[in-house]
Amino acid sequence: KMHTVKGEPKLCEWGLHASKHPLDALQYAPGPILYQVELSGRIVHGVDKSAATKRRYISKIRLSVISR
């Protein structure tokens with residue numbers, strides 16, 4: 001599936017966000033599911049995340065919480 005937004009991407013404000021490394025994404029993910037995605041269109045890169053005008057979903061990863 002592909003999502004698209006109009007406008008100029010700006011980190012933390014506008015656009016479709018993603019992180020290059022899964023451990024970086026975990027601090028921004030709002031729930032137990034992470035997606036492997038591919039960004040395209042106009043892209044802005046930051047230190048630990050990027051924002052773009054297009055994001056294609058490649059795979060879905062469900063995280064489990066282990067409690068003792």
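When a residue number appears, it is its place in the shown sequence, counting from 1.
Across all their heavy atoms, Ala52 and Ser40 have their closest contact at CB-O, 3.6 Å. Nearest heavy atoms, Val44 versus Pro9: CG2-O, 3.3 Å. Pairing each heavy atom of Val37 with each of Ala18, the nearest pair is CG2-CB, 3.7 Å. Closest heavy-atom contact between Ser50 and Ile43: CB-CG2, 4.3 Å.
Rounded to the nearest 0.5 Å, atoms CZ (Arg42) and NZ (Lys10) are 15.0 Å apart. Atom-to-atom distance recorded for Ile58:CD1 and Tyr35:OH is 13.0 Å, nearest 0.5 angstrom. Put simply, CG on Asp48 and CG on Leu23 are 11.5 Å apart, with the number rounded to the nearest 0.5 Å.
Among residues two or more places apart in sequence or in another chain, the side-chain hydrogen bond (donor to acceptor under 3.5 Å, both in side chains) test is passed with Asp24 by none.
Under a hydrophobic-cluster definition in which Ile, Leu, Val, Met, Phe, Trp and Tyr are linked whenever side-chain heavy atoms come within less than 4.5 Å, directly or via other members, Leu34 and Tyr28 are assigned to different clusters.
Side-chain contact check for Ile33 versus Leu63: every heavy-atom pair is 4.5 Å or farther apart. His3 places a side-chain heavy atom less than 4.5 Å from the side chain of Tyr57. Contact annotation: the side chain of Thr53 never approaches that of Leu16 to less than 4.5 Å [non-hydrogen atoms, C-beta and beyond]. Contact annotation: the side chain of Arg56 never approaches that of Leu39 to less than 4.5 Å [non-hydrogen atoms, C-beta and beyond].
In this structure, the side chain of Arg55 does not engage the main chain of Thr4 through any donor-acceptor pair within 3.5 Å. In this structure, Trp14 contributes its side chain and Ala51 its backbone to no donor-acceptor pair below 3.5 Å. Under the 3.5 Å distance criterion, the side-chain polar atoms of Ser19 are left unmatched by any main-chain donor or acceptor of Lys49. Between the side chain of His17 and the main chain of Cys12, a donor-acceptor pair closer than 3.5 Å is present.
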